[in-house]
Amino acid sequence: MENLDLISILGSTIRLSIPLIFTALAGLFTERAGVFDIGLEGKMLFSAFAAAVAAFMTGSPWIGLLAGITVSVLISLIHGFAAITNRGNQIVSGVAINFLASGLTAVLGQAWFSQGGRTPPLAATARFTEIVFPYANELRDSGILGRFYANVISGHNILTYLAFLAVPASWWVLYRTRFGLRLRAVGENPGAVDTAGISVTFLRYRATICAGILCGCAGTYLSVAQSAGFVKDMSAGKGFIALAALIFAKWRPVPVMLACLLFGFLDAFANFMQGKSVPGIGEVPVQIFQALPYVLTCVLLAGFIGVARPPKAGGVPYVKER
Amino acid sequence: MSPSPTPAIELNGIDKKFGAVHANRNIHLTVAKGSIHGIIGENGAGKSTLMSILYGFYHADAGSIRINGKDTVIHDSQAAISAGIGMVHQHFMLVENFSVLENVILGVEGGALLGKGVTGARAALKRLEADYGLEVDPDAIIEELPVGLQQRVEILKALYRGAEILILDEPTGVLTPAEADHLFRILGVLRDQGKTILLITHKLREIMAITDTVSVMRRGEMVATRRTAETTVEELAELMVGRRVLLRVDKGPAAPKEVVLSVRNLTVKDGRGVTMVDNVSFDVRAGEVVGIAGVAGNGQSELLEAITGIRKPASGEILIHGQPVAGFDAARLRALGLGHIPEDRHHMGLVLNFEESENSVLGYHRDERYGRGPLLDLDACRDDAKAKIEKYDIRPPNCRLKTANFSGGNQQKIVVAREIERDPALLVVGQPTRGVDIGAIEFIHRRLIAMRDADKAVLLVSVELDEIRSLSDRILVMFAGHIVGEKTPDTGEQTLGLMMAGIAA
Ligand SMILES: Nc1ncnc2c1ncn2[C@@H]1O[C@H](COP(=O)(O)OP(=O)(O)O)[C@@H](O)[C@H]1O
Ligand SMILES: [Mg+2]
């Protein structure tokens, strides 16, 4: 294949995986606590919008992040109120959040900025920009390792590194802390948690707040780091791909990261193949490559990953008295 | 009378309703410290509800609780644990994919990080093991443990939390007689160390064997309290049911005829690929009841599922009237004359949100009696349902009522009526009286014997040894997926118990 530039594909793999990693980890927290979270997509979109608006108004990406997280946590609490307190259907609540996000961000964007649902472009200072590691530029042309260092390791924004830190951090929280033990327990058997004298409701709320924070990072990444502003429906189904990655990874943090990297890689590969021809076949419509992540999801979920045992109490509101 | 010491527990006027169900009515109960106090009652009498209120799992609508003479408000399980109460629930409250250790420390982790608490708990478990003979591997995963050991983990959980009052809700339902005896020995040791034990059961034998005092519940009320030494099984049975009961089934000798069901070298695996039924062969003839005894989880469920077309066998043959039927689906099997009363009526036998009349034709709804083409003839269904209600004395007699609103016994009768009224040549029955009151038990037992006397083949699976012994003409004992022996129904309970534990053949 002509010019198969693996290093640059890997570089964009990282960039495309970050929102997936944040979002899938968000889903990990709620779903392991037994609350299905199909509204990840909507939360990401809401927070992307809030972050872009706040960063534009204040000129600070950090305030953008804070706004993104705050809004996403608020939406999580709404989901919690519907699904935990009022024992509503968790899927319906999630779908509602997705619709709301898609509509409300576009309407508010248009009402406030009149740019077709976009937010005004952010100046470089209002964004999270690339961090260049020491000697990255010097090493850029010195062999494969140097290029790897310059393009794959270095040259990303702070949220990227945060996402990779969030993976071991999530693992540590889930498996090494009291909160994590209880969270995993409540997703399997809320009765066991309740009879151990722990509030199921409070625990599940805390899990959804964790998810809100992580989704907030994902959304902020989209609009304030990866792009320079909010664009209508910019989450583009990433919340659902993240859910697929979560299932694919059987609800475990490190496999979640690997699954997201795989999906990111396919996406990067599709971008790369745009307009290029495959030897022996000629030019292949780019849509085929763009469809790859979705095809892969279907194939994997259709059974190639073995039995994915979801948290046992997932999706079921905790009801003691019938 | 000598001045009695402060009781461990005093319940005063406890009242609890679940919607329309009055589960506990103005209950008064006093339990002496350092005693084993039994609470007996039929299924649905309200025993679990009362205990769950004491443990803070449910909230009473009215009434008060005194623990060791002190008024105690138990608004959640945390409060109960602080008051020194521990409970082993009827349905275990364990996280199945956690280790024993993780389950034990859940809720009492001893700090925000797990490290230290885990080490401490490991040592504490060692001590409890030494003190009470409660051995269990702290690193074993719960779902890989047999139920007897899972129960032990529940007891350890309570003791680790410092329980002085231990509630056990139907602890022997899942145990072999030998395991139950072992449990009772442990309870004896606990009592001798000054702990107070509340033992809930519906088995009279256990009450007589181990309790000091016994209270009887009936339909949400506490109807009597007796010293165990001063009462009899007959008196307790009568108190439980409110009338004299027949503890045995009347039946004549069987007259077996031709073979109806024949199982040959059948092997069945469960969803995880674990072999649950291993090379099993047996026959069931017309005019006999063949009972399969065994502790729950030894392959009986999978065997039933294979025979009734719910699970595909891994290998081996199933023949009905000599025709190979392994791998047939349930509908084809039914057409060949198989009736099935499933083990779990809620999951397999009924759709609880349906009207009674809908459940009463379910599975046979394609029959031309109940409709034409894609349409159901609702009047025909309802007339049919009414006839069954009449014949099986299903209460309340209202075929339009949602099935969930019938009691367990009446729900079971709906299933029994549906399957028996089709007049199947082979009736496969799983746990026919689980969660059913004594009145309905008698009725269902009589129906099954009537099937036998009408020259039908009946295969019965039950974990209630008494039921197996009183209904069966031949008993097969299952252990770890094998049939470990065949016995006659007059075989002693102890012999069967040892076989069920895999100790003797
Ligand atoms: N969580 C619940 N919600 C609604 N009804 C219940 C609940 N638990 C028990 N009941 C009802 O209360 C009654 C008493 O049940 P239970 O206390 O479990 O009886 P027992 O333990 O004596 O068999 C039954 O009619 C049962 O259906
Ligand atoms: Mg009970």
Side-chain angles (χ1 to χ4, degrees), chain A residues 28 31-34 87 89 168-204 206-207 210 249-253 255 303 305-314 316 318-322, chain B residues 16-19 21 23 49 52 55-59 74-83 85-89 91-99 101-118 142-143 153-154 157-158 160-161 167 271-273 352 404-405:
Chain A
L28 183 75
E31 300 218 338
R32 288 222 66 165
R87 299 170 188 153
N89 185 305
S170 300
W171 178 87
W172 185 79
V173 168
L174 277 179
Y175 293 97
R176 287 289 178 268
T177 68
R178 173 173 66 193
F179 172 61
L181 181 81
R182 293 176 173 188
L183 185 141
R184 284 182 290 131
V186 81
E188 290 291 327
N189 185 356
V193 168
D194 193 1
T195 52
I198 306 161
S199 161
V200 172
T201 306
F202 183 45
L203 194 50
R204 286 190 163 168
R206 281 183 292 167
C210 291
K250 301 183 183 173
W251 295 268
R252 291 166 304 170
I305 51 169
V307 191
R309 205 185 69 106
K312 238 199 222 124
V316 195
Y318 183 53
V319 183
K320 280 203 278 194
E321 306 186 11
R322 277 167 275 133
Chain B
K16 175 73 185 170
K17 280 186 183 161
F18 292 112
V21 179
T49 303
S52 298
Y55 190 64
F57 190 66
Y58 296 140
H59 298 268
I74 300 180
H75 48 83
D76 62 9
S77 298
Q78 186 63 58
I81 293 168
S82 311
I85 303 172
M87 177 157 175
V88 176
H89 293 260
H91 307 285
F92 297 157
M93 294 294 185
L94 294 169
V95 183
E96 298 210 324
N97 61 353
F98 275 20
S99 69
L101 206 56
E102 286 175 309
N103 270 288
V104 167
I105 62 171
L106 185 67
V108 282
E109 298 86 349
L113 302 185
L114 293 181
K116 225 171 63 212
V118 169
I142 296 295
E143 59 197 353
V153 177
E154 285 281 41
K157 261 171 70 179
Y160 182 69
R161 288 162 169 71
I167 306 167
R272 296 165 296 165
L352 288 179
N405 294 336

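Chain letters run A, B, ... following the sequence lines, proteins first, then strands; residues in each count from 1.
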Worksheet item: What distance separates B/Asn97 CG from A/Lys312 NZ, expressed to the nearest 0.5 Å?
Response: 7.0 Å
Worksheet item: Just how far is it from atom NE2 of B/His89 to atom OG1 of A/Thr195, taken to the nearest 0.5 Å?
Response: 4.5 Å
Heavy-atom closest pair, residues [X] and [Y]:
X	Y	value
A/Tyr175	B/Leu114	O-CD1, 3.7 Å
B/Phe92	A/Asn189	O-ND2, 4.0 Å
A/Ala185	B/Val95	CB-CG2, 3.7 Å

Discussion item. Restricting to side chain to side chain contact (heavy atoms under 4.5 Å, CB included), what partner residues turn up for B/Ala79, sequence neighbours left out?
Written reply: B/Ile74, B/His75, B/Asp76
Worksheet entry | Selection from A/Ala313, A/Ala192, A/Ala196 maximising heavy-atom pairs under 4.5 Å formed with chain B | A/Ala192
Worksheet item: Non-hydrogen atoms of chain A under 4.5 Å away: do they reach the side chain of B/Phe57, the backbone, both or neither?
Response: both
Discussion item. Is B/His91 close to chain A through its backbone or its side chain, or both, or neither, when contacts mean heavy atoms under 4.5 Å?
Written reply: neither
Worksheet item: Side chain, backbone, both or neither: which part of A/Arg182 has a heavy atom under 4.5 Å from chain B?
Response: both
Worksheet entry | Proximity breakdown for A/Val193 and chain B, heavy-atom pairs closer than 4.5 Å | both
Discussion item. Taking salt bridge (Lys or Arg N to Asp or Glu O under 4.0 Å) as the definition, give me every residue that meets it alongside B/Glu143, ordered by chain and number, with sequence neighbours left out.
Written reply: none
Fill in: Partner chain A: residue of B/Ile81, B/Asn103, B/Leu106 with the largest heavy-atom pair count (under 4.5 Å)
B/Leu106
